[in-house]
Amino acid sequence: MIKVVDVHKSFGKLHVLKGINFNVSPREVVCVIGPSGSGKSTLLRCINQLEQVNEGRIYIDGEELTHPKTDINAIRQQVGMVFQLFNLFPHKTTLQNITMAPIKIKGVDKEQAYEQARELLRKVGLMDKADVYPGNLSGGQKQRVAIARALAMQPKVMLFDEPTSALDPEMVGEVLAVMKDLATEGMTMVVVTHEMGFAREVGDRVVFMDEGLIVEEGLPAQIFDNPKNVRTQLFLSKVL
Amino acid sequence: MIKVVDVHKSFGKLHVLKGINFNVSPREVVCVIGPSGSGKSTLLRCINQLEQVNEGRIYIDGEELTHPKTDINAIRQQVGMVFQLFNLFPHKTTLQNITMAPIKIKGVDKEQAYEQARELLRKVGLMDKADVYPGNLSGGQKQRVAIARALAMQPKVMLFDEPTSALDPEMVGEVLAVMKDLATEGMTMVVVTHEMGFAREVGDRVVFMDEGLIVEEGLPAQIFDNPKNVRTQLFLSKVL
Amino acid sequence: MPLSEFTFGLGILDAIATSPGYRVVTNNFVYFLGGAWYTIFITALSIAMGMVLGLFAGLAKLSKNKIIYGLSTAYIDFFRGTPLFVQIFLLYFGVLPLIYDNDPLSSAIIALGLNSGAYIAEILRAGIQAIDKGQMEAARSLGMNERQAMIYVILPQAFKVVIPPLINEFIALLKDSSLVSAITVAELMHRGDLVFANTYQATWVFGTIAMMYLVITKTIALLGDYTERRLATE
Amino acid sequence: MPLSEFTFGLGILDAIATSPGYRVVTNNFVYFLGGAWYTIFITALSIAMGMVLGLFAGLAKLSKNKIIYGLSTAYIDFFRGTPLFVQIFLLYFGVLPLIYDNDPLSSAIIALGLNSGAYIAEILRAGIQAIDKGQMEAARSLGMNERQAMIYVILPQAFKVVIPPLINEFIALLKDSSLVSAITVAELMHRGDLVFANTYQATWVFGTIAMMYLVITKTIALLGDYTERRLATE
Amino acid sequence: GGQTDNSEQPDVATDVKKLLVGTNATFPPFEMQEDSELTGFDMDLIRAIGEVQGYEVEIQHMDFKALVPSVQNGKIDAAIAGMSITPERLESVDFTEAYFDAGLIVAVHKDNQDIQGTDDLKGKKLAAQNGTIGAAYCDEVKKADAATETRIFDDIGLAFMELEKGGVDAVVNDHPVTAYYLKTATDTSIKMVGDIFSAEDQYGIAVKKGNTELLNALNEGLIKIKENGTYDEIYSKWF
Ligand SMILES: Nc1ncnc2c1ncn2[C@@H]1O[C@H](COP(=O)(O)OP(=O)(O)OP(=O)(O)O)[C@@H](O)[C@H]1O
Ligand SMILES: Nc1ncnc2c1ncn2[C@@H]1O[C@H](COP(=O)(O)OP(=O)(O)OP(=O)(O)O)[C@@H](O)[C@H]1O
Ligand SMILES: [Mg+2]
Ligand SMILES: [Mg+2]
C-alpha cells in the first residue's frame, strides 16, 4: 500500500531523514514512535508530499509520488491526514468542514455530500455538532471532526500526526476510540503517537525512529516488552 | 496560609463556583483535580484575584483579598501563578522575563536581579538559555522559565494551573521535577493537574471538584485508591 | 423669562435663516447631494478595482517567482509612494490617451483604483500571512491545489482579519477621491469649490461638505463593524 | 555603426539638457529640496504628535468608562471622517486663534497630528486587541498594575504587530501633508504647484516632485522593514 | 496681523504700518513666483499702493480657498489675486474700486476652424478656471444651450493642458492670462480667436467686510498711483 524507499530529506544543512525504508500493507496499522526531532512528522509529511524528498522514492498503491509527472493533488485525495493541531477551517461549520473537499474537488452533489457527512458525524459521535463552528468545540471534538473531514474524501490510507497530544487527558479517550473503530473496519493507518497503550492495543506493528533513521521495528509486544536497541530502551523508560 | 470561605462566582447566568470552602496550610501542597468545566481554573483565578468573587471571602496570610480596600497588586506579588500556556513575554529574553517584575515593581537593583535570576535558572536547569527568546524554547523549557519568573518575586504561595497539560509527554517530566524540588523546599502550592502520578507522589492533599463544588478531599492514597464519592470514582476511572 | 429666551432663540434661528451663507447652502443642497452621490459612485468603483488589483498584487508579492514579485513590488512602491495628484495627472494626460479616448470620470476611477490597489495589496498580504500555515497544509492534504486552497480556505479567513485596515483604506480613498476634482470630475469637494469660488462663503459651504463626508464615512465604518460581526464564528 | 549610435545617444542627452523643462527643474532643484525638507519636518512632528494622541485615543476606546469611550469615538469619527483640508481650515482660522496667536506652520502640524492621531488610534487599538489576553494576566499576576502591564508588556508587543499599517499611515500622512500648502506652508508639493503655474512644465515639474516623494516614502518603508526585523525575536 | 487704526496721513511714509496681503501666485502675469520671489502685475500694484500710503507691504502666498477666510479672520489685511468683483462675493467681503478691466477671450486649438468667437461656443465643450468670470460666462452659455459642456479647473494651467490634449474645444479666460500663456508656453498649439469681451470682468482688492478704514486707504492709494503715473508704468511693464 505504502512503500518508502531510501528516502532522504534535509532542511538546509539539517539532515532530517537519513535513508528511510518502510512498507505498509493494506489494512495494516503502523504506529511510529520516537523522541522529539527524530523526523516522525517529516516522514508523514513526505508521504503526503507536504514536503518534497531530496532522495529516494515513495509509492502509494503502486504509483510513485516522487515522480515529477504524478498528479499530487489526485493522490492526496487518497491519503487522509490528521494533524496534531486539528487545523479545522474556523470560518466553516462542522458540516461545511467535512463537505468542502468532496463538493469542491470531487464535485460530489451537495445533498449527497451532506448525507455522507452526517453519516461520518454519527460515526465519530458528533451528530449534534453539525452546525457548530470549530471555535465552539472542545479539543477532542475538534480532532474527531478533523478525522471525519479526512474520511469524507474516502481515502485509502490515513496518516495521523500525534492526534491526541494537544488534548486534555479526558478527551484523549474519545479520539482513540474513533481511531480504534477505523482500524477495526480495516483502514490502512500510519499513526505517529505517544499513546503507548493505543500502540500496544491497536498497532499491528511499531516503528521506532531516532535521528532520522528507523532504529527498530516489530510487533508492539516485542518492542515494548523486549526492546533490543539501547536507544529504544532509553526512550521507553522515559515515556512509559 | 490561604483561606477560602464560601466563595461563589458566576459568569453572567452561569454559576461556576457554588460555595467553595478550602484551606491551605503553610508548606502544604494541595492538588486540585476534577472534570473539565468544574471550576478549577476559576478557583485559582479567584485566589489570585484575576477574577472577582461574587460572594464569600478569600484570605492570604490573614489579609482579606476580597476586601475592597486591599491593595491587590501588593498581594499578587506574594502569590506566584503559572499558567497552562506559560504566557511568557515573547519580546523579552529569558533573563528579562524573570527580572522584569523585580526590577520594575519591587525596584530591585538590576545587577542583583540578574544575579538572582541566574540562580533561579540554575535551579530549573536552564543556565544556558538566559539570553534566548521564548519563541526559541521548547514547551518544557518555557514552562520552567514561567516558574522561575513567578519565583523571582519570592512569593509565599505558588498557584499552578495545569502546568504540564500543554506539553509533549517527554517534556512533562522536566517540569514536574522542578515542581517536586519546590515542594521539597517547603513552598506552599496549589496545583490543578491531570498528572495523577504527581498528585499521588507530591501532594499532601488532593481536592476533587465537580460542578463548582468540592466533592471530596483527602490524602492522595485515600482519594485515588478508595474514592468514596460516585462522581470521583467515575472521573478517576476515565483518567487513570 | 422663558418667553423672552424663547423669542431670543427664535431670533438666532431667524438670523441664521436669513444669513447669506445659509441661503447659499440651501440653494445648493441638492447640487451638493448630487456631488456626494458622484463621490460614492467613484469610490465604490475604485474600491472594486482596487480590491481586484490589490488581491493580485498582494498574492504576487508572496510569490517565489522573482519577476512576479519584482513587478508587484514596483507597482506598490510607485502607487503608494508618489502623490495621488501626480498619478491622476500622469494617467489622464499621459498614459490613458494612448489607450483610448479618455474622459475625466473613467480616468479618475482608473487612477483611484490603481492607487488604492497598492495599499490594499499590502493589507491583504499582511492578512494572508496572518493565517496559520496549518490551514494551507490541511487544505492541500485534502487534495486541493494551491488556487483552490487560496479561494476556499485562506482568503475568506484573511478577509475577516483585515476588515479594520480595509475600512481605514476605504475611508481614506473616499476622501482622496476629492483630488480628481483637479481634472474637473464633479464630485462633492469639486462642487464645494465651485460654490465657494462664486460666493466666498467658506464656513457654510465647507462645513456642509464636511458633514456630508462625515455621514458617508460613518456609514462605511458601521458597515465594516456589521460585516465583522456577521463573520464572527465564536 | 557604433559611433553614430553613440553620437545619437549624446544627441538625446543634449536635447534633454537644453529642453526648457529640464532647465526649469535644474533651476528649481534646490528650491524643491528645501520643500522636501519642509515636508519631512512637518510629517515627522505630526507623526510624533499623532502617535501620542493615537495612543491615548486608542486606549480610551478600549476603556469601559462610557464618557472616555464616547470622547475618543467622537474624536476618531470626526478626524477620520471629514476632509483634512476642512480640519486645517477649522483649526487655523477657527479654533487655534482662540488659544494662541497661531502661525501657519504650527497650525499645520497640529492639524496633521490631530488627523493622523485618529487613524493611528484605530491601528493601535487593533494591535492591542491582537495581543493575547494571557499576557495581561501574566503581568497582573506578577503584581503589575494595569498601567505597568500596558507599558512594559502589552504596548511593546502591540507596537511590533502594527508596524506595517503604521508605515502605511506614515506614508499617507507624508502625502497628505501637501494639503497644508493651503495655509501657506511651503512644503514640497506646494513648491511644485508654484513652479508649474509659472512655467507650465507639468511633466518635468511634477515628475521631479513625484520622484522626491518616492525616495522619501521608500526610505520610510525600508525603515519600517528594518524595525520589524530588529524587533523579531525568533 | 498689522492693522490700520489712525486716520491716514498721506505722503508721510515715516509712520510705517504693516500691511499683510495674501495672494495665490498661480495666476500669471498677475501673480506668480519667479526665483522664489512673488512677482506680477498685482504684486507691483499693491507694493506701489503701500508705498504711497505708508505701509510696509508683506505678501503671502496661499491657497485660493484660504484667501477669503484669511481676510475674514484677520490673518491678512487684504487679498489681491485677480479677484473679480461680483455681487455675490460682496456678501462676504468688501472690494476696493476696480483696479483692472480684464475682459475675456476665447482660446481654441490651432486647427479649430469652427469657433471664431463667442457666438460659436454653444453646444461645445468649454473649460475655464474656477472662480473667474470666464467660468461664469461658460455657465451662461450652458444655460442658453443645454448641450454645452463646461469643465471648471482649479488651475488654469490644467485647463490649457486639457485644450492642448483635445479634451475640450475652447478655454474662456481673462485675456491677459491667456495671452501670457501663449507667450510663455513652448510648442503650444493654441490660438486666441475673436475679440475681448465682457467688460464687467473687473478685479478688486478684497478686505474684511466693514473695514472701511483700510478700504478707503487702498482706494486713495489707487487713485494716487493712477495720478502719479505709477499705474501706467506697471501696466506697460506687464502688458
Ligand atoms: N520546515 C522546517 N524547516 C527547518 N527545519 C525543520 C522543518 N521541519 C522540521 N524541521 C526540523 O527537522 C527535525 C525533525 O522534525 P520533525 O518535526 O520531523 O520531528 P518529530 O519527530 O515529528 O518531533 P516531535 O515529536 O517534536 O513532533 C527537527 O530538528 C526540526 O527542527
Ligand atoms: N470568562 C468567562 N466567561 C464566561 N464563562 C467562563 C469564563 N471563564 C470560565 N467560564 C466557564 O466557567 C466554567 C468553569 O470554567 P473553568 O475554566 O474554571 O473550568 P476548569 O475546571 O478549569 O476546566 P478545564 O479543566 O477545562 O480547564 C466553564 O463552563 C467555563 O466555560
Ligand atoms: Mg512531530
Ligand atoms: Mg482550567
Side-chain angles (χ1 to χ4, degrees), chain C residues 18-28 31 35 38 85-86 88-108 111 178-207 209-210, chain E residues 24 62-73 75 79 81-95 125-136 138-139 149-168 171 204 206-209:
Chain C
T18 55
S19 81
Y22 179 78
R23 264 183 292 117
V24 166
V25 168
T26 48
N27 286 345
N28 289 288
Y31 179 65
Y38 236 101
F85 162 74
V86 174
I88 292 169
F89 186 85
L90 184 71
L91 285 162
Y92 182 66
F93 289 114
V95 179
L96 294 180
L98 306 176
I99 303 170
Y100 72 109
D101 184 17
N102 66 319
D103 60 299
L105 181 61
S106 69
S107 308
S178 70
L179 281 178
V180 305
S181 86
I183 51 172
T184 75
V185 177
E187 45 71 61
L188 183 51
M189 186 57 87
H190 187 65
R191 295 188 179 195
D193 286 345
L194 293 183
V195 172
F196 163 73
N198 285 335
T199 62
Y200 287 176
Q201 295 287 353
T203 312
W204 281 94
V205 169
F206 293 121
I209 300 288
Chain E
N24 177 249
M62 63 187 71
D63 203 281
F64 195 79
K65 262 189 252 186
L67 283 175
V68 173
S70 293
V71 167
Q72 289 170 333
N73 284 264
K75 292 279 178 200
M83 296 163 104
S84 301
I85 304 165
T86 71
E88 265 181 311
R89 291 170 176 179
L90 282 167
E91 307 242 36
S92 301
V93 291
D94 285 343
F95 281 108
K125 284 191 199 165
L126 310 179
Q129 183 182 11
N130 189 21
T132 62
I133 295 294
C138 289
D139 278 340
E149 228 182 88
T150 60
R151 301 266 311 278
I152 309 301
F153 288 85
D154 289 339
D155 194 318
I156 191 63
L158 293 184
F160 287 132
M161 283 187 71
E162 184 74 341
L163 184 58
E164 307 253 14
K165 171 181 181 278
V168 291
V171 168
V207 302
K208 186 175 182 169
K209 229 174 158 29

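Chain naming here is simple, since letters A, B, ... match the order of the sequence lines and numbering starts at 1 in each.
With a 4.5 Å cut-off on non-hydrogen atoms, R191(C) does not touch chain E at all. Of the atoms belonging to K165(E), it is side-chain heavy atoms, and not backbone ones, that fall under 4.5 Å from chain C. For chain E, the nearby parts of Y92(C) are the backbone and the side chain; heavy atoms of each come within less than 4.5 Å.
A donor-acceptor distance shorter than 3.5 angstrom exists from the side chain of N130(E) to the backbone of D193(C), with no hydrogens or angles considered.
Of the listed residues V68(E), D154(E), V93(E), the one with more heavy-atom pairs under 4.5 angstrom with chain C than any other is V68(E). Highest contact tally toward chain E, considering only V185(C), N102(C), V24(C), is held by N102(C) [criterion: heavy-atom pairs under 4.5 Å]. Here E162(E) is the residue among E162(E), Q72(E), E164(E), M83(E) with the most heavy-atom pairs under 4.5 Å with chain C.
More than 12 heavy atoms of other residues, nucleotides or ligands lie within 6.0 Å of CZ in F93(C), so this atom counts as buried by the packing criterion. In Y22(C), the OH atom is not crowded: 12 or fewer heavy atoms of neighbouring residues, nucleotides or ligands sit closer than 6.0 Å.
Minimum heavy-atom separation, A202(C) to P69(E): CB-CG, 3.6 Å. Here the closest non-hydrogen pair linking L158(E) and F85(C) is CD1-CE1, 4.5 Å.
Between the CG atom in N198(C) and the CG atom in D139(E) there is a gap of 7.5 Å [rounded to 0.5 Å]. Atom OH in Y200(C) sits 3.5 Å away from atom CZ in R89(E) (nearest 0.5 Å). Here the straight-line distance linking atom CZ of F196(C) with atom OG of S92(E) works out to 8.0 Å at 0.5 Å rounding.
Defined by atom type and a distance below 3.5 Å, a donor-acceptor pair is missing between the side-chain atoms of T199(C) and E88(E).
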